[in-house]
Amino acid sequence: MADRLARSTSPYLRQHAGNPVDWWEWGPDALAEARRRDVPLLVSIGYASCHWCHVMAHESFEDPEVAAVMNRGFVNVKVDREERPDLDAAYMAATQAMTGQGGWPMTVFATPDGDPFFCGTYFPPVPVAGRPSFRQVLDALSRTWRERRDEVRAGAAELLAAVGGAAGPADGSPPRDPGEAGRPGDPAADAVSPALDLAAVVRVGDLALTALADAYDAEHGGFGGAPKFPPSPLLEWLLRRAARTGDERALAMAGATLTAMARGGMADQVGGGFARYSVDATWTVPHFEKMLEDNAMLLRVYTHWWRLTGSDLARRVVEGTAEHLLRDLRTPEGGFASSLDADTAGVEGATYVWTPAELTAVLGPEDGAWAADVLGVTPEGTFEAGASVLTLRSGPDPREEVRFERVRRALLRARAARPQPHRDDKVVAAWNGLAVAALAEAGAVLGRREWVAAAHDAAELLHRVHTLRGGDGLTRLARTSRDGAVGTAPGVLADYAAVAEGWLVLGGVTGDGRWTARGSALLDTVLARFRAPGHGFRATADDQTDPVVGRLTGGPDVADGPSPNAGAAAAGALLTRAALTGSATDRQVAELALADPLSIAHRHPRAVGWALAVAEAVLDGPREVAVVGRADDPGRVALVRTAVRATAPGLVLAQGDPDEVAGSADAVGLLRDRPLVGGRAAAYVCRGFVCDRPTTDPAELRASLA
C-alpha cells in the first residue's frame with residue numbers, strides 16, 4: 001500500500017501515514033482513481049489538534065478490519081482543514097445542509113467527481129444512542145452505491161442545489177441569512193447598498209449594538225450560552241466604537257467579556273495565551289487546544305483594550321500572550337506554528353490541570369496553599385479526577401505581585417517537565433499575518449522591541465518561503481509551509497488579506513517601506529483575482545478554484561469565524577492602503593465590500609464584528625498620521641510612540657526621513673511633501689489627505705488624536 005501522506009507538509013496528514021487505510025491526499029489523482037475503480041470517495045477532514053479526530057482515528061482508522069472495508073469500497077482521502085479551508089468550507093456547507101450541524105472530524109461520502117451524497121461528523125466504532133457504527137455506515141453506503149447508483153447521484157445533485165448559495169460559518173457564529181443581504185424593502189439593506197452612506201452606517205451600528213445587547217451575558221460576560229468562543233472580531237468593534245463615540249455600553253460589554261476571559265480557565269494563567277473555547281458559560285473549563293489564530297487576535301484586542309483603558313489586567317494578558325507565542329509556537333525558521341493539541345498522551349488537559357497536593361509539592365506548604373486559593377484549585381476539583389483548571393477570579397493583591405510572579409514561574413517550570421501536547425508546526429500564512437500585525441502593534445505600543453523583531457522574522461519567512469511571482473506578474477501566496485518547505489495549497493483570500501494587513505502594520509511601526517510595498521503587492525492580487533460579481537470577494541482566486549469547491553460554493557460568505565471574515569479583512573487592508581496612497585479606487589472597493597455584511601448587522605451582529613470594526617475606521621476617517629524625521633531622531637521616536645498609542649479606530653501610520661522620501665519613487669503618498677518643522681521631526685494628522693497643521697509636540701499630537 002502506497003504511503004502517500006508521509007511526505008506531506010501537514011502534520012495532521014503525517015499523523016495518519018501509518019494507518020492501514022490506503023489514504024490519498026485531495027487532488028485530481030484521487031478523483032481519477034475513484035473513477036477508475038468506480039467507487040465513491042470517502043473524504044475525512046480534520047486537523048492536528050482536534051480531540052475527536054484523534055478518537056475516531058484510534059477507534060476506526062487504526063483498526064485493520066475497518067481499514068480493509070474502507071480500502072475495498074472507497075478511495076479514502078484525508079484533508080487538513082487548516083491547509084484547505086476552501087474544501088473544508090464547501091463540504092461543511094453540505095454537511096450542515098444534510099444534518100443540521102457540523103464539526104470535526106467531518107466524514108463525507110462523495111461521487112468520483114467529488115459531489116457529496118452522505119455527510120456526517122464523528123462515527124463511533126459501535127452503535128451508540130441511535131447513532132450507527134462507522135462500519136455500518138461503510139457497509140450501507142458501499143451497497144447503496146452498487147445497487148442504487150441513480151438514487152445516489154440524484155441525491156448528490158439535490159444537495160449541490162441546496163448548498164450552492166448557503167455556505168456559512170461552522171464555528172458557532174450566527175449564520176448568514178442569504179435572503180437578507182439586499183432584500184427589497186429592508187431599510188438596513190437599502191441604506192448600505194450599493195454604496196456606503198455614512199449616516200446610514202451610524203444607524204446600522206446603533207441597531208447592531210441594541211441587537212447585541214440582547215445576547216449579552218451580563219452575569220458571566222460574553223454572548224449567548226455554552227460553549228463560549230472568544231468573540232475577537234466583535235470585541236474589536238466594541239472597543240473601536242467606544243473609542244470613537246465614548247459609548248459606555250459598548251465599552252462595558254467589551255471590558256466585562258475581556259475580564260471574564262482573562263480571569264477564567266480559558267486563559268492559561270501560568271503560561272499565557274488562551275485555549276480555543278470554554279465548554280461552559282462561566283469561562284471555567286476550556287477545550288485545551290491552543291490555536292495561533294485565536295491568540296494572535298486576542299493579543300491585538302487586549303492591546304487595544306489596554307490602550308483605551310490602561311487596565312493592568314489587559315497589560316498582563318498582552319505580556320502573557322506574547323510570551324506564549326514566542327516560547328511555545330515560534331518555529332526555528334521564525335514563523336509561528338498552528339496549534340498545540342488539546343490532549344497530552346491521549347488525555348485532554350493533562351499538561352495544564354493541578355491538584356492542591358501537586359501545588360504543594362512544587363511550591364511548598366505556604367505558597368502552595370496561597371496559590372490554591374488565588375488560582376481556584378480545590379480539593380473537589382473543577383475538571384476531571386479531582387484536578388482543577390487554574391483561574392484567577394480575583395487578585396492577586398497588588399502587594400502580592402512579586403509573590404504571584406515567583407509562583408507562576410515555578411509552576412511554569414514544573415509544568416514544562418510534564419509530558420507536553422503535540423504541536424502542529426505547519427506555518428499558515430493567514431494566521432502568521434495576524435501574528436505579525438499583533439506583535440508589531442503590541443511591541444510598538446508597549447515598547448517591546450523583541451516582539452517587533454519577532455514580527456519581522458515571521459514576515460521575512462512569509463516573504464521568503466510563501467511568496468512567488470505568478471505567470472501573470474502578480475505576487476502569489478502559498479497557504480502553508482513546514483520546516484521551511486512550502487506546501488502545495490494555494491493561498492486563499494484570508495491569507496492575502498491577513499498577510500497584507502500584517503505587512504502594512506509592520507511597515508508603519510518600523511518605517512521600513514519594503515513591507516508597505518510588499519503588502520500593497522498582495523492587495524494588487526486581491527483586486528485582480530479575488531473580486532466577485534457584485535461588490536464582494538471570492539474566497540479563492542479566480543484561476544485557482546478547485547472545481548469541486550466551485551460547484552459547492554455560492555456567493556461570498558460574510559460571516560466571521562475565530563478570526564475576521566476574509567472579505568471584511570480585505571476591506572480593512574484596502575482601506576489602510578487607501579489612507580497611505582490616497583487611492584479612491586481602494587477606498588471605494590473597501591466600502592462596497594462592507595455593504596453585504598452591514599446589511600445583516602442589525603440582526604446578526606455577532607456574525608459580522610470585523611465588518612463593523614472596519615466601518616468604525618471608515619466613520620473616523622480613518623485618521624492618517626505621517627511622521628517625518630531622521631530614523632534616530634528622538635523627536636520622531638516620541639511622535640511615533642504617541643501615534644501608536646492613540647485610540648482612533650483604524651489609525652494608519654507612515655513614517656520616514658523626508659530626504660529619503662523625496663528621492664524614492666516607491667515612497668507612499670502620505671509621506672510626500674511633508675517637510676520638517678523648524679528642522680525638527682513633525683507629525684501630520686490627516687483625513688483623506690487633508691491635514692491639520694503639523695506639530696512637533698507629542699502632547700499636541702495626542703490631543704489631536706483623542
*Give, for atom OG of Ser338 and atom CG of Leu329, the distance between the pair rounded to the nearest 0.5 Å.*
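Interatomic distance, Ser338 OG to Leu329 CG, rounded to 0.5 Å: 9.0 Å.
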
*Which distance, rounded to the nearest 0.5 Å, do you find between the OG of Ser232 and the CH2 of Trp610?*
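Spacing of OG (Ser232) from CH2 (Trp610) equals 9.0 Å.
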
*Give the C-alpha distance, both sets of side-chain angles, the deciding distance and a yes or no for side-chain contact (heavy atoms from CB on, under 4.5 Å) between Phe134 and Thr107.*
CA-CA 10 Å; Phe134 187 49; Thr107 308; 4.1 Å; yes

Find out whether the Lys NZ or Arg CZ of [X] is both under 6.0 angstrom from the six-membered ring centre of [Y] and within 45° of the ring's axis.
{"X": "Arg606", "Y": "Phe223", "answer": "no"}
{"X": "Arg148", "Y": "Trp145", "answer": "no"}
{"X": "Arg4", "Y": "Trp23", "answer": "no"}

*Please report the C-alpha distance between Asp341 and His54 in whole Å, then the side-chain angles of each, then the deciding distance to 0.1 Å, and finally whether the side-chain hydrogen bond (donor to acceptor under 3.5 Å, both in side chains) criterion is met.*
CA-CA 10 Å; Asp341 207 329; His54 298 323; 2.8 Å; yes

*Would you call Leu31 and Pro112 a side-chain contact if the rule is heavy atoms closer than 4.5 Å?*
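They are not in contact (no side-chain heavy atoms under 4.5 Å apart), so the answer is no.
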
*Kindly indicate whether the side chain of Arg538, heavy atoms from C-beta on, has any atom under 4.5 Å from the side chain of Leu493.*
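SC-SC contact between Arg538 and Leu493 ruled out.
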
_Side-chain ion pair, Arg153 and Asp115, N-O less than 4.0 Å_ =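 A salt bridge is absent here (no side-chain N lies under 4.0 Å from a carboxylate O).
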
*Taking NZ, NE, NH1 and NH2 as the nitrogens, is one of them in Asp80 or Lys426 under 4.0 Å from a carboxylate oxygen of the other?*
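Here Asp80 pairs with Lys426 in a salt bridge, since their nearest N and O are under 4.0 Å apart.
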
_Which atom of Ala437 lies closest to which atom of Arg300, heavy atoms considered_ =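 Heavy-atom minimum between the residues: CB-NH1, 3.8 Å.
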
*Shortest non-hydrogen separation from Asp542 to Ala528 and the atoms involved*: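 Nearest heavy atoms, Asp542 then Ala528: OD2-O, 4.0 Å.
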
_Residues forming a side chain to side chain donor-acceptor pair (under 3.5 Å) with Trp26, sequence neighbours excluded_ =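 Asp546.
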
*Contacts of Ser142 that satisfy side-chain contact (heavy atoms from CB on, under 4.5 Å) - sequence neighbours left out*: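 Checked Ser142 against side-chain contact (heavy atoms from CB on, under 4.5 Å); matches are Phe74, Arg146.
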
_Passing option when Leu598 is tested against Asp596, Leu594, Ile600 for side chain to side chain contact (heavy atoms under 4.5 Å, CB included)_ =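 Per the side chain to side chain contact (heavy atoms under 4.5 Å, CB included) rule, the option paired with Leu598 is Leu594, out of Asp596, Leu594, Ile600.
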
*Short question: side chain of Asn19, backbone of Glu62 - any donor-acceptor pair under 3.5 Å?*
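No, because the side chain of Asn19 does not come within donor-acceptor range (under 3.5 Å) of the backbone of Glu62.
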
*Ignoring hydrogens and angles, tell me if any N or O in the side chain of Thr540 forms a donor-acceptor pair with the backbone of Gln544 under 3.5 Å.*
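Checking the backbone N and O of Gln544 against the side chain of Thr540, no donor-acceptor pair under 3.5 Å is found.
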
*Could you tell me how the ring of Phe117 sits relative to the ring of Phe109: parallel (under 30°), tilted (30 to 60°) or perpendicular (over 60°)?*
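Tilted.
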
*What do the steps show when you test Leu474 against Arg529 for side-chain contact (heavy atoms from CB on, under 4.5 Å), and what is the final call?*
CA-CA 9 Å; Leu474 295 169; Arg529 291 298 185 189; 3.9 Å; yes

*Would one find more than 12 heavy atoms of other residues, nucleotides or ligands at under 6.0 Å from atom CD of Gln136?*
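Counting neighbours around CD of Gln136, more than 12 heavy atoms of other residues, nucleotides or ligands fall under 6.0 Å, so yes.
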
